[in-house]
Amino acid sequence: MTRVPPLRIAYVLEDTGLAGGTRVAVAQADALVDRGHEATLITKGEALTWRDSKARWQFVSSLDEIDPTAFDFVIGTFWSTLSAVQEIAGRRGIHLCQGYEGAFTAYQSLKAQIDTAYRLPLPKITVSPHLVQICREFFDDATYIGQIVDDVFFREPAFRQSRPRVLLAGPMQADFKGIDIGYDAVRRARASGAAFDLVRVSQWPAVEDEPTELAAEFHVGLSTPDMARLIASCDIVLGSSRHQEGFGLPPAEGMASGLAAVLSAIPSFLSFDGARDYALFAPEEDANAMGEALARLVTDNPLRRLVALRGRSVVEQFRAHHTGLRLERYFLQRRAR
């Protein structure tokens, strides 16, 4: 039987700083390598230090240095890389959408430029189903591929009997992460009598007015192995993101680690499974309802166990080999055309 030639895929990264968007691109490249394909990560940034990588790396001073003939596909991973990918790669170009950047408060002054980039005739692959429709408003070729939660996060639920540890992950500086809502939910849960320790983690230091006194611990810039160990030490993960969230990787990583989840009822979190029994949900921006749900998990051990087990089962779909298979099928079919 004739073996299909390996795919040659390049991911163009804006930089290599600690961020979920970078982690996802690196994870996709790893998944393709595991399936026998060639993956190259191209960046103007520095060497990656916070996560291992199985892919090849190409460091450039300008994206003009990319030779598109060396690859079957060249993937832009952030809105600012799309124009260069389109110009360099043409029909070989692909847009990996991990969240519509034009909806983020921090990028409102750039929204017109972002929308122009999204209208480029680049086929789009998304990490969450709800992003497909958003992408199709700009260009109709959009396909759901799925997210990857690194295997290092997958553990069996521990169900410790000690004082619960509640994880709230993400930068306060990115308002779509809803960290302010998470803090308020913590206040309300404690006001109702729930006793627990709050564990905060972010890739950036706390902002000046962040209520860090509510947290027993605050961790900054953890590597992937260190993040996995920290999550495994917790019992509940609080996902308080607003609807602009493209996926919400830390809650999924927490669920993979056996933590029970309290999540905002936003499209990305609701898309994990149609049954919606894998977490306790609260309406978006409703800190009171989120605090009540958090207090229930803190004080009701059987419920916490049930939610944790169901959540652990649901996030199995985000194992690298599942998403790697979907990536492989997508690229092989498109290459054949």
Side-chain angles (χ1 to χ4, degrees), residues 13-27 45 50-51 77-81 96-111 113-115 117-118 126-128 130-131 134 147-149 166-186 198-212 214-215 217-224 226-227 230-231 237-255 261-271 282-287 290:
L13 304 177
E14 183 69 25
D15 57 49
T16 55
L18 177 57
T22 304
R23 179 178 295 171
V24 172
V26 177
W50 49 270
R51 185 195 188 281
T77 60
F78 191 65
W79 77 269
S80 60
T81 65
L96 168 59
C97 178
Q98 304 183 58
Y100 168 52
E101 297 95 333
F104 300 163
T105 301
Y107 296 140
Q108 285 309 292
S109 64
L110 300 170
K111 186 178 184 302
Q113 297 177 49
I114 293 170
D115 288 355
Y118 267 67
T126 75
V127 298
S128 183
H130 81 284
L131 293 173
I134 294 174
Q147 184 59 284
I148 292 178
V149 173
V166 176
L167 179 71
L168 180 60
M172 187 84 166
Q173 293 88 334
D175 62 351
F176 68 90
K177 293 293 183 184
I179 301 302
D180 56 323
I181 301 167
Y183 274 123
D184 201 10
V186 166
L198 178 64
V199 179
R200 274 284 286 127
V201 61
S202 172
Q203 61 264 50
W204 301 326
V207 299
E208 184 175 351
D209 59 347
E210 184 170 345
T212 55
L214 296 176
E217 303 169 19
F218 196 110
H219 303 268
V220 178
L222 296 185
S223 66
T224 295
D226 287 342
M227 184 70 173
L230 178 69
I231 291 178
V237 59
L238 195 57
S240 48
S241 295
R242 294 177 167 90
H243 68 274
Q244 295 91 343
E245 178 71 80
F247 179 82
L249 199 51
E253 291 168 344
M255 294 163 69
V262 179
L263 304 176
S264 51
I266 59 173
S268 59
F269 292 153
L270 292 174
S271 72
E284 180 184 2
E285 299 206 54
D286 190 337
M290 183 161 280

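Side-chain atoms are counted along with the backbone in the values below, which use heavy atoms only and exclude waters and symmetry mates.
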Say whether, by atom type as modelled, one donor and one acceptor occur between the side chain of Ser240 and the main chain of Gly178 under 3.5 angstrom. yes

Pair Asp175, Asp180 - check side-chain contact (heavy atoms from CB on, under 4.5 Å), show working. CA-CA 8 Å; Asp175 62 351; Asp180 56 323; 5.9 Å; no

Report yes if the side chains of Gln98 and Leu96 come closer than 4.5 Å at any heavy-atom pair, otherwise no. yes

Would you please name every residue forming a side chain to side chain donor-acceptor pair (under 3.5 Å) with Ser109, sequence neighbours left out? none

Quick one: list whatever passes side chain to side chain donor-acceptor pair (under 3.5 Å) with Glu217, sequence neighbours left out. Arg165, His219

Kindly indicate whether the side chain of Val237, heavy atoms from C-beta on, has any atom under 4.5 Å from the side chain of Ile231. no

List the residues meeting ring-ring contact (aromatic ring centres under 6.0 Å, His included) with Tyr118, not counting sequence neighbours, and say none if there are none. His95, Tyr100, Phe138

Got a donor-acceptor contact below 3.5 angstrom from the Trp79 side chain to the Asp115 backbone? no

Listed by chain and number, what are the salt bridge (Lys or Arg N to Asp or Glu O under 4.0 Å) partners of Asp15, not counting sequence neighbours? none

One should read off an interatomic distance between Phe176 CZ and Arg242 CZ, to the nearest 0.5 angstrom, of 11.0 Å

Test item: Thr126 side-chain N/O and Ser128 main-chain N/O as donor-acceptor pair under 3.5 Å: yes

Quick one: list whatever passes salt bridge (Lys or Arg N to Asp or Glu O under 4.0 Å) with Glu210, sequence neighbours left out. Arg200

Passes side-chain contact (heavy atoms from CB on, under 4.5 Å), Cys97 versus Val127? Steps please. CA-CA 7 Å; Cys97 178; Val127 298; over 6 Å; no

Taking only residues two or more places apart in sequence, or in another chain, which ones meet Ser268 in a side chain to side chain donor-acceptor pair (under 3.5 Å)? none

Please determine whether side-chain contact (heavy atoms from CB on, under 4.5 Å) holds for the pair Leu167 and Leu238, giving the CA-CA distance in whole Å, both sets of side-chain angles, and the decisive distance to 0.1 Å. CA-CA 6 Å; Leu167 179 71; Leu238 195 57; over 6 Å; no

I'd like to know if the side chain of Gln244 reaches the main chain of Phe104, judged simply by a donor and an acceptor atom lying under 3.5 Å from each other, with no hydrogens or angles considered. no

With sequence neighbours excluded, residues passing ring-ring contact (aromatic ring centres under 6.0 Å, His included) with Tyr183: none

Testing the basics here: between Gly239 and Pro251, what is the closest heavy-atom pair and its distance to 0.1 Å? CA-CG, 3.9 Å

Under a 4.5 Å cut-off applied to non-hydrogen side-chain atoms, are Trp50 and Leu222 in contact? no

Which residues share a side chain to side chain contact (heavy atoms under 4.5 Å, CB included) with Ala282, sequence neighbours left out: Ala289, Met290

Does the side chain of Val24 reach to within under 4.5 Å of the side chain of Gln147, using non-hydrogen atoms? yes

For the side chain of Glu101 and the backbone of Ile114, is there at least one donor-acceptor N/O pair under 3.5 Å apart? no

Give me the atom names and distance for the closest heavy-atom approach of Ile148 to Leu249. O-CD1, 3.7 Å

Side chain to side chain contact (heavy atoms under 4.5 Å, CB included) filter on Pro171, not counting sequence neighbours, yields Gln173, Ala174, Lys177, Ser202, Gln203, Trp204

Could I get the full list of ring-ring contact (aromatic ring centres under 6.0 Å, His included) partners for Phe269, not counting sequence neighbours? none

Can you see which heavy atom on Thr77 is nearest to which on Ala25, and at what distance? CG2-CB, 4.0 Å

Output for pair (Glu14 CD, Thr81 OG1), nearest 0.5 Å, gives 7.0 Å

Taking Arg23 for the side chain and Leu18 for the main chain, is one N or O donor matched with an acceptor at less than 3.5 Å? no

Salt bridge (Lys or Arg N to Asp or Glu O under 4.0 Å) partners of Asp184, counting only residues at least two apart: Arg187, Arg188

Nearest heavy-atom neighbours spanning Ile266 and Ser241: CG2-O, 3.6 Å

Side-chain contact test, heavy atoms from C-beta onward, threshold under 4.5 Å: evaluate it for Ile179 versus Leu168 and give yes or no. yes

The criterion is salt bridge (Lys or Arg N to Asp or Glu O under 4.0 Å); which residues satisfy it with Arg51, sequence neighbours excluded? Asp30, Asp150

